[in-house]
**Student:** 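Mind having a look at this structure? Questions to follow.
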Amino acid sequence: MVLDDLGSSLRGTLDKLQGKTTLSEDDVEEIVKEIQRSLLSADVDVSLVMDLSDSIRERALDEEPPAGTTARDHVLKIVYEEMVELVGDSTDLPLEEQTIVLAGLQGSGKTTTAAKMAWWFSKKGLRPAVIQTDTFRPGAYEQAREMCERAEVDFYGDPDNDDPVDIARTGLEATADADVHIVDTAGRHALEDVLIDELEQIESVVDPDRNLLVLDAAIGQGAKDQAERFHDAVGIDGVVITKLDGTAKGGGALAAVDQTGSSIAFLGTGEEVKDIERFEPSGFISRLLG
Ligand code: GDP
């Protein structure tokens, strides 16, 4: 990590250490406070921020910097390593035949993400298909169909069928030529039992290789509950954070990652099919601290 990746106030604090070979408790506290400020304003859960602070304090004061390393470089390395620990690695996504179910509340960005992920897999040389099982939200079928057309990927949906489980089953058969199946599911405004029941039924028919939870970057305290509920129902293997092109930094989603013991797979950065990035720790860390 280079200093430029950090927010200006944290960079300023670290710069004050220039020339020093040892760190005082006050030095470390000032750095920890800066990091806390950034992470809390990026919606990172308080208990995660406190754990990170403890680890940084402990290591910065206990670990001897290797010979020739300045105090500043030493603490920068510790901060970076602990931030990597906080945000985690990218969800493992082998480029092979697989079925992925997308879950999440209405408006989180599932349908958009389904088409974007299909586009991403197609650019990797695979043949993806999106199966739209959202019979609840008016317009979901048309939106998915249009986006898949723009992404130039296979699509299955049935606006005349109101049984999502049947659509999922038929959709898998109809798109048997594809090698990556991305199943979009219906959301609800809140964590209603009917949403979870429907998801469980779809999951049992589809038998996916992974379930990804789609979360809006603006999610705050709600992330933990949502993650717990979806994880209990189907098991969450990874998280997608959408709308990172807005002002929200997406730190709230880390509580979902922590709750499910999973990791982040993709970031959504706009409304178009190509506005998707594979998660990668350093860019996300800069975003959180910047
Ligand atoms: P769903 O109900 O979970 O399927 O959500 P949608 O995919 O329909 O997304 C809800 C709204 O968020 C739509 O207006 C999308 O265009 C928008 N959206 C989704 N992902 C992103 C993103 O990464 N950036 C922005 N700016 N808008 C997004």
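Model, not experiment: these values are computed from the prediction. In this chain, numbering begins with 1 at the start of the sequence shown. Atoms within each ligand, like the ligands themselves, are counted from 1 in listed order.
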**Student:** Yes or no: does Gly246 have any heavy atom under 4.0 Å from an atom of ligand 1?
**Tutor:**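 So Gly246 does not count as touching ligand 1.
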**Student:** Check this for me: does any side-chain nitrogen of one of Arg127 and Asp154 sit under 4.0 Å from a carboxylate oxygen of the other?
**Tutor:**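 Result for this pair is yes, salt bridge flagged.
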**Student:** Provide, to 0.1 Å, the distance between atom 5 (O) of ligand 1 and the closest protein heavy atom, together with that atom's residue and name.
**Tutor:**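 Minimum-distance protein heavy atom for atom 5 (O) of ligand 1 reads Gly109 N, 3.1 Å.
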**Student:** Could you tell me if any non-hydrogen atom of Gly270 lies under 4.0 Å from any atom of ligand 1?
**Tutor:**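 Yes.
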**Student:** As a quick check of understanding, evaluate ring-ring contact (aromatic ring centres under 6.0 Å, His included) for Phe279 and Phe284, giving each step before the final call.
**Tutor:** CA-CA 8 Å; Phe279 172 77; Phe284 194 69; 5.5 Å; yes
**Student:** Does Asp275 come within less than 4.0 Å of Lys116, counting only side-chain N to carboxylate O?
**Tutor:**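 Here Asp275 does not pair with Lys116 in a salt bridge, since their nearest N and O are not under 4.0 Å apart.
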**Student:** Between the side chains of Gln132 and Arg145, does any donor sit under 3.5 Å from an acceptor?
**Tutor:**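 Their side chains do not contain a donor-acceptor pair, so the 3.5 Å distance test is not met.
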**Student:** Using a strict cut-off of less than 4.0 Å between a Lys/Arg side-chain nitrogen and an Asp/Glu carboxylate oxygen, indicate whether Glu271 and Arg150 qualify as a salt bridge.
**Tutor:**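 No.
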**Student:** Is the closest basic N to carboxylate O distance between Arg169 and Glu173 below 4.0 Å?
**Tutor:**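 No salt bridge links Arg169 with Glu173.
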**Student:** Run the numbers on Asp232 and Ile196 for side chain to side chain contact (heavy atoms under 4.5 Å, CB included), then give the verdict.
**Tutor:** CA-CA 10 Å; Asp232 283 352; Ile196 300 295; over 6 Å; no
**Student:** Show, in sequence, the C-alpha distance, side-chain angles and deciding distance for Leu254 and Ile264, and conclude whether the side chain to side chain contact (heavy atoms under 4.5 Å, CB included) test is met.
**Tutor:** CA-CA 8 Å; Leu254 293 175; Ile264 307 172; 4.0 Å; yes
**Student:** Could you give me the CA-CA distance, side-chain angles and deciding distance for Ser90 and Glu280, then say whether side-chain hydrogen bond (donor to acceptor under 3.5 Å, both in side chains) is met?
**Tutor:** CA-CA 6 Å; Ser90 181; Glu280 139 317 280; over 6 Å; no
**Student:** Hey, does Ile276 sit under 4.0 Å from ligand 1 if you only count heavy atoms?
**Tutor:**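 No heavy atom of Ile276 comes that close to ligand 1.
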**Student:** When you look for heavy atoms under 4.0 Å from ligand 1, do you find them on the side chain of Asp184, its backbone, both, or neither?
**Tutor:**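 Asp184 to ligand 1: no contact under 4.0 Å from either part.
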**Student:** Could you check atom 28 (C) of ligand 1 against the protein and tell me its nearest heavy-atom contact, residue, atom and distance included?
**Tutor:**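 Of the protein heavy atoms, Lys243 CG, 3.7 Å lies nearest.
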**Student:** Can you tell whether the side chains of Arg57 and Glu25 come within less than 4.0 Å, N to carboxylate O?
**Tutor:**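 Looking at Arg57 and Glu25, the cut-off is not met.
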**Student:** Please check if the side chain of Arg278 supplies one atom and the backbone of Thr91 the other of a donor-acceptor pair under 3.5 Å.
**Tutor:**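 Yes, Arg278 side chain to Thr91 backbone: donor-acceptor pair under 3.5 Å.
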**Student:** Going by distance only, is there an N or O of Asp275 that falls short of 3.5 Å from an N or O of ligand 1?
**Tutor:**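 It does not: no N or O of Asp275 is found under 3.5 Å from an N or O of ligand 1.
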**Student:** Under 4.0 Å from any heavy atom of Gln106, which atoms of ligand 1 are there?
**Tutor:**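 That gives atoms 2 (O) of ligand 1.
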**Student:** Looking at ligand 1, is there an atom of it that comes within less than 4.0 Å of some heavy atom belonging to Gly187?
**Tutor:**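 Not so, Gly187 does not reach ligand 1.
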**Student:** Assess whether a salt bridge exists between Lys33 and Glu29, defined as any Lys/Arg side-chain N lying under 4.0 Å from an Asp/Glu carboxylate O.
**Tutor:**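 So Lys33 pairs with Glu29 through a salt bridge.
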**Student:** Would you say ligand 1 has an N or O under 3.5 Å from any N or O of Thr111?
**Tutor:**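 Yes; at least one N/O pair falls below 3.5 Å.
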**Student:** Give me the residue, atom name and distance of the protein heavy atom closest to atom 2 (O) of ligand 1.
**Tutor:**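 Among all protein heavy atoms, the one nearest atom 2 (O) of ligand 1 is Gly107 N, 2.7 Å.
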**Student:** Among Arg188, Glu271, Lys116, Lys110, whose heavy atom sits nearest atom 3 (O) of ligand 1?
**Tutor:**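 Among Arg188, Glu271, Lys116, Lys110, the closest heavy atom to atom 3 (O) of ligand 1 comes from Lys110.
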**Student:** Considering distance alone, does some N or O of Thr242 sit under 3.5 Å from an N or O of ligand 1?
**Tutor:**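 No; every N/O pair is 3.5 Å or more apart.
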**Student:** Can you sort out which atoms of ligand 1 are near Gln143, meaning under 4.0 Å from one of its heavy atoms?
**Tutor:**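 Answer, ordered by atom number: 6 (P), 7 (O), 8 (O).
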**Student:** Hey, does Asp245 come in under 3.5 Å of ligand 1, counting only N/O atoms on both sides?
**Tutor:**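 Indeed, backbone or side chain, Asp245 has an N or O that close.
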**Student:** So, is Asp134 polar-close to ligand 1, with some N/O to N/O distance under 3.5 Å?
**Tutor:**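 N/O-N/O distance under 3.5 Å: no.
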**Student:** How far is atom 7 (O) of ligand 1 from its nearest protein heavy atom, and which residue and atom is that?
**Tutor:**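 Of the protein heavy atoms, Thr112 OG1, 2.6 Å lies nearest.
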**Student:** For Gly268, take its heavy atoms, then give the atoms of ligand 1 lying under 4.0 Å from any of them.
**Tutor:**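 Heavy-atom distances to Gly268 below 4.0 Å select 23 (O).
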**Student:** Quick one: which ligand 1 atoms are inside 4.0 Å of a heavy atom on Leu105?
**Tutor:**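 It comes down to these atoms of ligand 1: 3 (O).
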